[in-house]
Amino acid sequence: MGLQTAAHAEKADGASAAAQSSTAKGAAQASQQQQAAGSAQTLESRLPFYQTWYFYLALLFLGITLPVQIFRRRMLLMKGRIGIVVEERNRISRECHDTLMAGFAAISWQLEATAKLFRDSGLESTPAAESCELARSMVSHCQAEARRIIWDLRETDEVTSVLSQALTRSLAANHVQGRTQTTLEVEGEEIPLAPGCVHHLVCISQEAVNNAMRHASASRILVHLKYASDALFLSIRDDGSGFQPSFRASSRYGHFGIAVMQERVRKIGGVFRIHSLADSGTEVAVEVPFNATEQLVHQGQNVIRWIGI
């Protein structure tokens, strides 16, 4: 009986010791895990700043805002430069209006008074009267050209991307009553063009029409505008006297009209043709591919729309 009691006591002591040993091991393991977690937190808190999440967030913010600020600064700089150009063009147009236009007006008035003297004295058919009338016509043409140049220089809200509207306005402004019949025909579905392209085509049309009225004594002028699938065609045909091909665009004689028209066509990426025979009239033809006009649109995004460059 005593031996059994002692044996039970020893077993109880052994179980208690085993329990204490397992408890100690569990506590040791828990302590080790806590130490490992603390070490991991310490290691994480000691990472370099350029490896933290907020550093990458700051980089993202800078990557978005910096290009935007650079673009805004560039646009402000371009607007400032364009403003300087606009102011200078307006100054030149004012000077032309106040000096050249005033001088042309004074000359026109004087020639009108001289022509009236010829009419009152019955000498309107004399060579002197005819020379006076020719001088009046030349001054009138110079006035129209000066007005066009001033209109091109100044900023205006009348700029359009529809070529037929610009041609109509141009023909109406330069039309000479009772002398020449000008007609505009549009074929095909019209599409908007770059204002620079419209500007050059209108100037080409003006030059061709003026040449037909001044040098060819044309009675009828047909301006034909055709929109094809891949290009537009502009032709100016008159029934005037025409000229020999050997006398074309001779700058030696002070005539630069054809050379200027060719330069304008090159600027818009087109093809220029002229056909003329003596006593058979003249035809000025321009072909401009639509891909060339699209390039002008992209180039003109950073250029003020009415400069026409």
Side-chain angles (χ1 to χ4, degrees), residues 144-145 147-149 151-177 180-213 216 218-240 257-276 280-309:
E145 288 296 305
R147 290 191 190 97
R148 180 181 62 82
I149 293 173
W151 182 81
D152 289 340
L153 284 172
R154 291 196 63 85
E155 182 179 8
T156 176
D157 294 332
E158 296 181 358
V159 175
T160 177
S161 60
V162 181
L163 181 56
S164 62
Q165 294 180 1
L167 289 174
T168 301
R169 185 168 60 244
S170 171
L171 294 175
N174 294 335
H175 181 66
V176 179
Q177 294 291 339
T180 307
Q181 178 184 356
T182 57
T183 306
L184 173 64
E185 294 182 354
V186 181
E187 179 181 353
E189 184 178 357
E190 192 163 12
I191 64 173
L193 302 174
C197 183
V198 173
H199 171 83
H200 288 300
L201 291 174
V202 169
C203 290
I204 292 169
S205 174
Q206 286 178 338
E207 183 64 27
V209 170
N210 290 333
N211 287 340
M213 291 190 298
S219 59
R220 296 183 61 185
I221 301 175
L222 174 63
V223 180
H224 184 75
L225 178 61
K226 177 181 178 181
Y227 287 86
S229 60
D230 58 349
L232 68 87
F233 300 86
L234 174 66
S235 67
I236 302 93
R237 185 185 302 111
D238 65 75
D239 61 351
I258 296 178
V260 171
M261 286 191 288
Q262 290 175 335
E263 179 64 24
R264 290 187 182 277
V265 173
R266 281 196 296 268
K267 283 187 176 182
I268 59 178
V271 179
F272 177 82
R273 299 183 183 90
I274 184 168
H275 178 73
S276 180
S280 298
T282 303
E283 181 181 8
V284 174
V286 178
E287 177 183 353
V288 183
F290 285 135
N291 56 3
T293 62
E294 291 175 359
Q295 291 178 3
L296 281 179
V297 171
H298 296 305
Q299 293 173 0
Q301 290 178 351
N302 294 328
V303 180
I304 194 163
R305 63 190 181 99
W306 45 264
I307 285 180
I309 301 301

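Contact record, Ala228 with Phe233: CB-CE1, 3.8 Å, taken as the closest heavy-atom pair. Contact record, Ile274 with Ile258: CD1-CD1, 3.9 Å, taken as the closest heavy-atom pair. Counting all heavy atoms, side chain and backbone alike, Ile236 lies closest to Ser205 at CD1-CA, 4.1 Å. Residue Gly269 comes nearest to Pro289 through the heavy atom pair O-CD, 3.5 Å, listed as atom of the first residue, atom of the second, then distance. Across all non-hydrogen atoms, the minimal contact from Tyr227 to Ile191 is CE2-N, 3.8 Å.
For the atom pair CD (Gln181) and CG (Asp238), the distance works out to 13.0 Å, reported to the nearest 0.5 Å. Rounding to the nearest 0.5 angstrom, the gap separating the NE2 atom in His199 from the CD1 atom in Ile268 is 10.5 Å. Interatomic distance, Ile204 CD1 to Leu234 CG, rounded to the nearest 0.5 Å: 7.5 Å.
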Next item on the list: Would you sort out whether Leu201 and Leu232 count as a side-chain contact (heavy atoms from CB on, under 4.5 Å), showing the intermediate values?
Entry: CA-CA 11 Å; Leu201 291 174; Leu232 68 87; 4.0 Å; yes

Next item on the list: Show your working on side-chain contact (heavy atoms from CB on, under 4.5 Å) between Val162 and Val198 and close with a plain yes or no.
Entry: CA-CA 7 Å; Val162 181; Val198 173; over 6 Å; no

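Screening Arg266, Glu263, Arg264 for a side chain to side chain contact (heavy atoms under 4.5 Å, CB included) with His200, the sole residue that qualifies is Arg264.
For Glu187, there are no salt bridge (Lys or Arg N to Asp or Glu O under 4.0 Å) partners two or more places apart in sequence or in a different chain. Taking the side-chain hydrogen bond (donor to acceptor under 3.5 Å, both in side chains) definition, one finds that Ser164 meets it with Glu190, sequence neighbours left out. A search for side-chain hydrogen bond (donor to acceptor under 3.5 Å, both in side chains) contacts involving Thr282 returns Ser276, not counting sequence neighbours. Here Asn211 pairs with Glu207, Arg214, His215, Met261 under the side-chain contact (heavy atoms from CB on, under 4.5 Å) rule; sequence neighbours left out.
Taking the side chain as every heavy atom from C-beta outward, Met213 and Asn210 approach each other to under 4.5 Å. For the pair Val223/Thr182, no side-chain contact is recorded, criterion being any heavy-atom separation below 4.5 Å from C-beta on. Under the 4.5 Å side-chain criterion, counting only non-hydrogen atoms from C-beta, Val202 is in contact with Leu167.
Identified under the salt bridge (charged side-chain N to carboxylate O under 4.0 Å, His left out) test for residues 280-291, with sequence neighbours left out: Arg237-Glu283, Arg273-Glu287.
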